[in-house]
Trainee: 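Before I ask anything, let me first share the structure, which is written out below as C-alpha cells.
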Protein chains: 2
Amino acid sequence: MNNTISVDCVIFGFDFEKLNVLLVDRELKDENNGEELFSDLTLTGNHIFENESLENAAARVLFDLTGLENIYLKQFGAFCDPGRLKRPNDQAWLRASGRDPESRIISVGYYSLLATENVTLKWKGRNVKWYPVSEVKDLAFDHMVILKSALQALRRELLHEPIGFELLPEKFTLSQLQKLYEVVLDVELDKRNFRKKIARMKYLIALDEKQKGVAHKPARLYMFSREVYEKTRKEVLDFNI
Amino acid sequence: MNNTISVDCVIFGFDFEKLNVLLVDRELKDENNGEELFSDLTLTGNHIFENESLENAAARVLFDLTGLENIYLKQFGAFCDPGRLKRPNDQAWLRASGRDPESRIISVGYYSLLATENVTLKWKGRNVKWYPVSEVKDLAFDHMVILKSALQALRRELLHEPIGFELLPEKFTLSQLQKLYEVVLDVELDKRNFRKKIARMKYLIALDEKQKGVAHKPARLYMFSREVYEKTRKEVLDFNI
DNA sequence: CTTCTAAGTGTATATAATACAATAAACGTA
DNA sequence: TACGTTTATTGTATTATATACACTTAGAAG
C-alpha cells in the first residue's frame, strides 16, 4: 500500500469575465483501435514524494502543469473518498490504465490563483483546459466535492484577505477588481459603494497611468502593494459574531 | 511504509475562566530501574484505519480518550513535519518505544470543543490532563505548530459561526458566554455592547430559569437553539473586505 | 439590616452601509 | 468635426451598526 497521499490542486483563473478552473480531460483510447474508452474531467493532482512537504508537492504539481512558480497556494482541506475509484467510469479507467486501485487514500487540497491573461500554459502533452467554474457539473472521483470546498474556501478568504490581486495582472482597473469580487462571490455590487470601501485599503496604489486603446473613457490603473499591506495590516478582529 | 496517515485531535475545553487543551504526558520509564527516560506533552492522535474516513478516525480518537460521542469536530489542516521525530527527545522516545521512525508522514488536524464541566474523562490508563492553552510552551513533534493552527482556526470560526455554545454546558449565562469570547479571542468586551450584539441572534434562547446558589444577583440562563439557527441562518456574506 | 458581588439596563456619538444619477473621456463613424 | 456609444468617475442623504460610558437591582452572607 504505497503512495497513499496525494495533493490535488484547484487552479483558479480569472479572465475579467468569469472564474475558471483548470481541468484535465482524462480521455483514454484503446491502444488497438483508437476507440475512446471514455472521457471525463479531473483536477490536477499527484502523489507526494517521500520527504517532500505538502506545500512543495502542490507547487510541483502546479509547475509540472504550467511551468509557473511562486504562485499563490492555499491549503483548504484534506479529503478521503471512501467511494473513490468505485464509480463505473473510474473503474474502467483503472482497468485500462493498470493502476493500483488502492493507490490513493487521502488527498490534500490546495487552491491556487492566476490571472489567465498572464499564463501561457505548457501542457506537456496533457489535455488541459480552462473551464468556467459555474459550468462544471461532474468530475471524476470526489473531485466535485473538492472543487466545491475550494470555492467555498476561496470565497471566505477573499472576504477577509487581499488575495483578489492574485487573480489579476499586476496593473488593473477598479472595475476589473469589482468584477472579480462579483464573479467569485456571485453578488452584484454598487460601483460607488465599492469604491468607497476599497478607498480604505491603503495597499491599493493608484498609478499615474491609464488604460489604452479602449473605445471609452480609459480607466485609471492600480496595483497592489504587499509592503504597504504588511505594514498597515491590523490584526483583523471584527468580532462580528 | 505503512500507516503514513494519522489524525491529531486538539481537544479544547472551557471552564468559565480559561481555554484549556487536553494533552498527553508521554512519560516513559526504564523497564529495569523505573527511571524516567523523559517526559513531554503531545496532542492526542492515532493512525487511520483502512477504509475509515478522516472524520471517523478523529471521532474514534476522541472516543477512545474520553468516552464521548457526538462532539463538535472540525478539520483545520493537514500537516507534514519534515523534521518530525528528528528532535533528541523524540528520538529517545523512538528508541525506547521501538516504533518505526518513518511511521508517520502526514497528520490531519481536527479540533473539538467541550465544556470541561460536562466531562468526566476516562483516561484508559493514559496520562492525560487539561492544560491552559496560554501556558503551553513546548510540545513534542510539530504539535506546537498544530496547536497554534488549531487556535487560529477556532478564533476564525468563533467570529463567524455559533460554535461557542459547544464550549459551554447546555444552559449558561450571558456573562459566561461573554467570558468565552474574551478568553478565546483574547480581547476585552463591553458588557452592554456585547448584549446588544447577541440580542440579534435569534437562536439564543432566554430561559425562565436563573442561576442558583450564587452570592449575588443570579443571572438568567440561556440556551442555544440549533433549530432556530438553521432556520434563520442567512447566507453570511458581509463583504467586509 | 448592612455589605458584598455580579446582573442588568439606555443614551449619545461616531463610523459604516446603503440607495441612488449625472457628467466626463476616449473611440468610431457619419 | 459633430455625434453616438461606452465605460469611468464622483457625492449626498438616510439608515444601521459600533462604541463609550455608570447606575440600579437581586440574592447571599454576616
Side-chain angles (χ1 to χ4, degrees), chain A residues 15-18 158-160 162 168-169 171-183 185 187-202 204-223 232 234-241, chain B residues 14-18 117 158-160 168-169 171-183 185-202 204-223 232 234-241:
Chain A
D15 59 9
F16 303 129
E17 287 186 3
K18 57 196 180 320
L158 185 63
L159 285 171
H160 302 291
L168 292 167
K171 299 172 183 180
F172 51 86
T173 71
L174 294 186
S175 294
Q176 288 167 347
L177 185 61
Q178 181 179 340
K179 183 73 180 175
L180 163 60
Y181 277 92
E182 291 181 328
V183 162
L185 300 175
V187 289
E188 290 205 351
L189 300 172
D190 177 86
K191 203 194 294 193
R192 278 176 289 192
N193 294 339
F194 178 80
R195 284 163 190 240
K196 233 182 291 173
K197 232 172 201 169
I198 60 173
R200 271 176 270 150
M201 308 181 190
K202 302 299 183 205
L204 188 60
I205 312 291
L207 302 173
D208 285 328
E209 211 174 326
K210 292 184 172 181
Q211 268 185 321
K212 278 172 190 162
V214 288
H216 53 77
K217 177 172 176 179
R220 190 165 191 177
L221 294 177
Y222 288 77
M223 61 176 290
T232 63
K234 52 170 192 273
E235 279 310 313
V236 184
L237 227 173
D238 328 86
F239 189 55
N240 290 318
I241 319 175
Chain B
F14 180 64
D15 59 8
F16 303 129
E17 288 187 3
K18 57 196 180 318
E117 181 185 290
L158 184 63
L159 286 170
H160 302 291
L168 291 167
K171 299 172 182 180
F172 50 86
T173 71
L174 294 186
S175 294
Q176 288 167 348
L177 185 62
Q178 180 180 339
K179 184 75 180 174
L180 164 60
Y181 277 92
E182 291 180 329
V183 163
L185 301 176
D186 193 24
V187 289
E188 290 205 350
L189 300 172
D190 176 85
K191 201 198 293 191
R192 280 177 287 191
N193 294 339
F194 178 80
R195 284 163 191 240
K196 234 181 292 174
K197 231 172 201 168
I198 62 173
R200 271 176 270 152
M201 308 181 192
K202 302 298 182 205
L204 188 60
I205 312 291
L207 302 173
D208 285 327
E209 213 174 324
K210 292 183 172 186
Q211 270 185 319
K212 277 172 191 163
V214 288
H216 54 77
K217 178 173 176 178
R220 190 165 191 179
L221 295 177
Y222 288 77
M223 63 177 289
T232 63
K234 53 170 191 275
E235 279 310 312
V236 184
L237 227 173
D238 325 86
F239 189 55
N240 290 319
I241 318 178

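Just so you know, these numbers use all the heavy atoms, side chains as well, and skip hydrogens, waters and symmetry mates. In what follows, chains carry the letters A, B, and so on, assigned in the order in which the sequence lines appear, proteins first and then strands, with residues in each chain numbered from 1. Just so we're clear, the structure is a prediction, and the values are computed from it rather than from any experiment.
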Trainee: Which residues pass the side chain to side chain contact (heavy atoms under 4.5 Å, CB included) test with Ala199(B), sequence neighbours left out?
Mentor: none

Trainee: From CD of Gln211(B) over to C1' of dA6(C), roughly how many Å is that when rounded to an integer?
Mentor: 9 Å

Trainee: At less than 3.5 Å, do the side-chain atoms of Lys196(B) and the base atoms of dT11(C) form a donor-acceptor pair?
Mentor: yes

Trainee: Is there a donor and acceptor pair closer than 3.5 Å between the side chain of Lys197(B) and the base of dT19(D)?
Mentor: no

Trainee: Can you tell me how far C1' of dT9(D) sits from NZ of Lys210(A), to the nearest Å?
Mentor: 10 Å

Trainee: Measure the distance from NZ on Lys212(A) to C1' on dA8(D) and round it to the nearest whole Å.
Mentor: 17 Å

Trainee: Are the side chain of Gln211(B) and the backbone N or O of Ala219(B) linked by a donor-acceptor pair below 3.5 Å?
Mentor: yes

Trainee: Using a cut-off of 4.0 Å on non-hydrogen atoms, how would the nucleic acid contact of Arg220(B) be classed: base, sugar-phosphate, or nothing?
Mentor: sugar-phosphate

Trainee: Using whole Å, report how far CG of Leu189(B) lies from C1' of dT17(D).
Mentor: 16 Å

Trainee: Would you mind classifying the nucleic acid contact of Ser175(B) as base, sugar-phosphate or nothing, using non-hydrogen atoms under 4.0 angstrom?
Mentor: sugar-phosphate

Trainee: Using whole Å, what does the distance between atom P of nucleotide dG8(C) and atom CD1 of Ile198(B) come to?
Mentor: 10 Å

Trainee: Check this for me: Lys179(A), atom NZ, are more than 12 non-hydrogen atoms of other residues, nucleotides or ligands nearer than 6.0 Å?
Mentor: no

Trainee: Among the nucleotides dA16(C), dA8(D), dG10(C), which one has an atom lying closest to any side-chain atom of Asn193(B)?
Mentor: dG10(C)

Trainee: Applying side chain to side chain contact (heavy atoms under 4.5 Å, CB included), can you list everything that pairs with Arg192(A), at least two apart in sequence or on another chain?
Mentor: Asp190(A)

Trainee: Within this structure, what is the CZ-to-C1' distance between Phe194(A) and dT10(D), rounded to whole angstrom?
Mentor: 16 Å

Trainee: Can you tell me how far P of dA18(D) sits from CZ of Arg195(B), to the nearest Å?
Mentor: 17 Å

Trainee: Map Ala215(A) and Arg192(A) onto DNA chain D by nearest heavy atom, then report which one ends up closer to the 5' terminus.
Mentor: Ala215(A)

Trainee: Please compare Asp190(A) and Lys217(A) by the position of their nearest nucleotide in DNA chain D and report the one closer to 5'.
Mentor: Lys217(A)

Trainee: Looking only at the side chain of Lys191(B) (C-beta and beyond, no hydrogens), which of the listed nucleotides dA26(C), dT9(C), dA26(D) gets closest?
Mentor: dT9(C)

Trainee: Applying side-chain contact (heavy atoms from CB on, under 4.5 Å), run through Leu204(B) and Met223(B) and close with a yes or a no.
Mentor: CA-CA 6 Å; Leu204(B) 188 60; Met223(B) 63 177 289; over 6 Å; no

Trainee: Taking for each residue the nucleotide of DNA chain C with the nearest heavy atom, is it His216(A) or Arg200(A) whose nucleotide lies nearer the 5' end?
Mentor: Arg200(A)

Trainee: In whole Å, I'd like the distance from the CD atom of Gln178(B) to the C1' atom of dA6(C).
Mentor: 12 Å

